[in-house]
Amino acid sequence: MAKIGIGKFLGIIGIGVLLSAAMEVNAQSVAPKFEPVQPDVFSHNMALSNAWGDFDNDGDLDLAISFKTGDIRLYRNDNGMFTNIGPEMGLPQAGKETRSIAWGDFNEDGFLDLYVGSNQNGNELYRSNGAKSFTEVGVALGVDVPKVSTRQISWIDYDNDGTVDLFVADRVGKNRLFKNENGRFTDISEKTGLDDARPTVGACWFDYNGDGLLDLFLANQSGTTDALYKNMGGTFVDVAPMLGMEGEKRTTDEGGVDCTVGDYDNDGDFDLFVANYGRNYLYENDGAGGFRELSERLGISGDDHLVGASWGDYDNDGYLDLYATGYTGPADNRKPVDRLFHNDGGAFTEIDISSSPLNAADHGIQWADFDMDGDLDISLTEGYNVKGRHPLLKNMLHNDDSHHSLQVEVLDSAGRPSRAGAEVRLFDMDGKLLATRLVPTGDGYNSHSNMPVHFGLGKINYVTVEVTYLTAEGRKIQTLKDVIPDDYNGRVLKIMQGK
């Protein structure tokens with residue numbers, strides 16, 4: 001047998017380690033398997049924003065989509081099959097360009113209402129009539145905002161009084177915050193300091209510093225700086241300059257477009273990804289009221305023209321992955337580009353989805369387990385792509401992996417899903433934090449879904465569920481111990497706020 005010198009032996013070991021690592025990275029780089037659902041149904045052109053919500057309270061998620069043509073489609077989910085019932089429900093089929101869409105129960109009757117934002121032609125608020133039809137009440141309630149070019153809409157409780165308020169981001173004028181008082185609205189934008197006139201496209205609400213109040217990040221366009229408005233208990237102060245979150249020096253063609261909140265590193269606080277025209281940002285929350293920008297260090301690189309982004313654990317390994325969409329190339333010849341970043345446990349590997357059905361969007365992204373099989377599916381929209389479709393894609397994750405998950409729906413004290421911005425944490429039986437999720441406040445390009453939060457669990461069999469409500473008395477925690485996720489296969493764990 002030939003002898004091998006120690007140097008050569010160590011070299012071979014090193015090569016073996018590198019090959020092993022390369023094989024691991026290559027395995028992670030393989031696009032996950034997703035398949036189109038009813039492609040003949042999800043085929044209309046110029047879709048922009050998409051939002052999930054159980055409008056008829058039948059236990060499964062329905063899908064609303066707004067179009068550049070003015071069409072508002074409502075796809076009712078019946079055991080995983082979808083039918084557009086928008087026309088019979090009283091939603092428009094044509095007219096003004098609709099740029100944004102959001103579900104929220106503003107009148108507290110237990111049925112989701114739908115707010116729709118236009119491009120400088122007046123917004124609309126469609127009140128649900130017991131899920132039998134919708135009636136437009138935006139003009140009557142003073143939230144139509146005739147001249148606004150609406151981008152992100154958020155139904156949030158900014159003052160913790162138990163009622164959802166309405167935030168409207170404006171691309172061409174001042175942003176608006178409407179306080180909800182018994183189903184009537186008052187514009188308090190100037191009073192609270194949120195009448196920011198920078199061209200806002202993305203808006204994300206979350207309690208970044210753990211003081212029990214929802215704060216607001218704004219992704220601003222056209223060379224302007226971004227903002228992070230700290231909630232001072234009724235008024236807001238922009239602390240982005242102090243925290244280094246304004247964005248780098250920009251040309252007039254650059255700026256923030258969308259933002260999405262998620263605990264990518266499972267440390268219990270919320271991090272922030274900002275999709276930009278220009279370099280993108282991943283702000284890691286340091287847990288002490290500050291952030292570090294780590295995008296390139298963690299593998300999210302590139303200088304693109306991104307439009308939307310959303311976190312979702314598509315492979316149920318317990319770590320949030322990131323999907324982003326937009327364009328690449330010079331301004332006169334831009335082409336759609338979709339980017340999927342797999343979270344490897346604190347850093348990211350970009351997945352090649354160029355030949356995947358996932359490569360099918362240029363605007364909206366919304367993850368949701370619409371068929372309740374345990375893994376996240378995805379709705380995408382193509383606003384300007386000539387392919388002319390807004391595909392719904394089913395996640396084909398293997399059953400052994402898809403069932404290792406848990407969905408938690410956070411309810412208020414009356415059993416309504418109106419606690420956007422509440423926080424859900426999972427712990428193992430030894431008390432170790434597994435992951436944190438935010439009840440959605442909007443992301444994925446100008447949309448706000450109303451749905452449960454989803455946790456991939458890997459091989460975890462027992463968990464403790466902790467929900468943090470933001471209340472007038474501060475952060476209130478409710479805990480449910482000894483939860484067996486397998487008991488909730490095919491259904492959602494519902495947690496109601498204690499009185």
Atom of I300, atom of L282 and distance for their closest heavy-atom approach: CD1-CD2, 4.1 Å
Check: D304 and R339 side chains under 4.5 Å, non-hydrogen atoms: yes
Sidechain-backbone polar pair: N343 side chain, L320 backbone, donor-acceptor under 3.5 Å: yes
CA sep, side-chain torsions, deciding dist, call: R99, H363, side chain to side chain contact (heavy atoms under 4.5 Å, CB included): CA-CA 10 Å; R99 278 279 178 173; H363 276 75; 4.1 Å; yes
Distance, nearest 0.5 Å, that separates CD1 of I101 from OH of Y115: 12.0 Å
F185/F106 aromatic ring centres below 6.0 Å: yes
Spacing of L141 atom CG and T186 atom OG1 [to the nearest 0.5 Å]: 11.0 Å
Inter-residue atom distance S154.OG - D165.CG, 0.5 Å rounding: 11.0 Å
R176 side chain to D187 backbone, donor-acceptor under 3.5 Å: no
F206 side chain reached by E423 side chain, heavy atoms, under 4.5 Å: no
Contact summary for S418 and V164, nearest pair of heavy atoms: O-CG1, 3.6 Å
Donor-acceptor under 3.5 Å (N175 side chain, D170 main chain): yes
Ring center gap for Y323 and Y314 short of 6.0 angstrom: no
Plane angle bin for F67 and H390 - parallel if under 30°, tilted between 30 and 60°, otherwise perpendicular: perpendicular
Test item: N220 side-chain N/O and T225 main-chain N/O as donor-acceptor pair under 3.5 Å: yes
Distance (rounded to the nearest 0.5 Å) between R425 CZ and T436 OG1: 4.5 Å
Residue pair L457, L406: steps toward the side chain to side chain contact (heavy atoms under 4.5 Å, CB included) verdict: CA-CA 7 Å; L457 292 174; L406 180 67; 4.0 Å; yes
Contact check, side chains of N160 and L213, non-hydrogen atoms, under 4.5 Å: yes
K179 atom NZ: more than 12 heavy-atom contacts under 6.0 Å: yes
Worked check of ring-ring contact (aromatic ring centres under 6.0 Å, His included) between F167 and H448: CA-CA 11 Å; F167 178 79; H448 184 180; over 10 Å; no
Enclosure of F34 CZ (heavy-atom neighbours >12, cutoff 6.0 Å): yes
pair D321-D313: side-chain heavy atoms closer than 4.5 Å: yes
Mutual orientation of the aromatic rings belonging to F55 and F134 [parallel < 30°, tilted 30-60°, perpendicular > 60°]: tilted
R198/D238 ion pair, N-O < 4.0 Å: yes
Main-chain N/O of G212 paired to D207 side chain as donor or acceptor, under 3.5 Å: yes
Nearest non-hydrogen partners of R279 and D303, listed with the distance: N-OD1, 3.6 Å
S354 and N359: CA distance, side-chain angles, deciding distance, side chain to side chain donor-acceptor pair (under 3.5 Å) verdict: CA-CA 6 Å; S354 59; N359 185 30; 6.0 Å; no
Heavy-atom closest pair, residues A324 and L306: CB-CD1, 3.9 Å
Test log, rule side chain to side chain contact (heavy atoms under 4.5 Å, CB included), inputs T468 and I477: CA-CA 4 Å; T468 302; I477 295 176; 3.7 Å; yes
Check: T224 main-chain N/O paired with R250 side-chain donor or acceptor under 3.5 Å: yes
Partner of F370 under side-chain contact (heavy atoms from CB on, under 4.5 Å), chosen from N395, L63, D62, L392: L392
Distance-only donor-acceptor check, side chains D338 and T325, under 3.5 Å: yes
Between S49 and N446, a side-chain donor and acceptor under 3.5 Å: no
Rounded distance (nearest 0.5 Å) linking atom CG of L74 with atom OH of Y126: 12.0 Å
CZ (R297) with more than 12 external heavy atoms under 6.0 Å: no
Non-hydrogen side-chain atoms of E190 and D195 separated by less than 4.5 Å: yes
Residues, nucleotides or ligands: over 12 heavy atoms within 6.0 Å of N182 CG: no
Taking every non-hydrogen atom, the tightest pair across I156 and A420: CG2-CB, 4.2 Å
Validation row: I365, T260 side chains within 4.5 angstrom (heavy atoms): no
Nearest non-hydrogen partners of C259 and A203, listed with the distance: SG-C, 3.5 Å
Residue pair D105 / D113, side-chain heavy-atom distance below 4.5 Å: yes
Stepwise side chain to side chain donor-acceptor pair (under 3.5 Å) check, Y277 with D253: CA-CA 7 Å; Y277 294 171; D253 293 329; over 6 Å; no
Pair D428 + K432, salt bridge at N-O below 4.0 Å: no
Y283 and F217 aromatic ring geometry - parallel, tilted or perpendicular at 30°/60° bounds: tilted
Full working for side chain to side chain donor-acceptor pair (under 3.5 Å) between D226 and Y281: CA-CA 11 Å; D226 295 332; Y281 305 135; 6.0 Å; no
L114 side chain near W103 side chain, heavy-atom distance below 4.5 Å: yes
Q478 side chain to M496 backbone, donor-acceptor under 3.5 Å: yes
Any donor-acceptor pair under 3.5 Å from R437 side chain to H454 backbone: yes
Evaluation steps, side chain to side chain contact (heavy atoms under 4.5 Å, CB included), between V145 and T150: CA-CA 9 Å; V145 199; T150 305; 5.9 Å; no
Side-chain (E97) to main-chain (T69) donor-acceptor, under 3.5 angstrom: no
T441 (side chain) donor-acceptor with W205 (main chain) under 3.5 angstrom: yes
Quiz item: cation-pi between R419 and Y469, 6.0 Å / 45°: no
Pairwise distance CD(E293) to CG(L272) - rounded to 0.5 angstrom: 10.5 Å
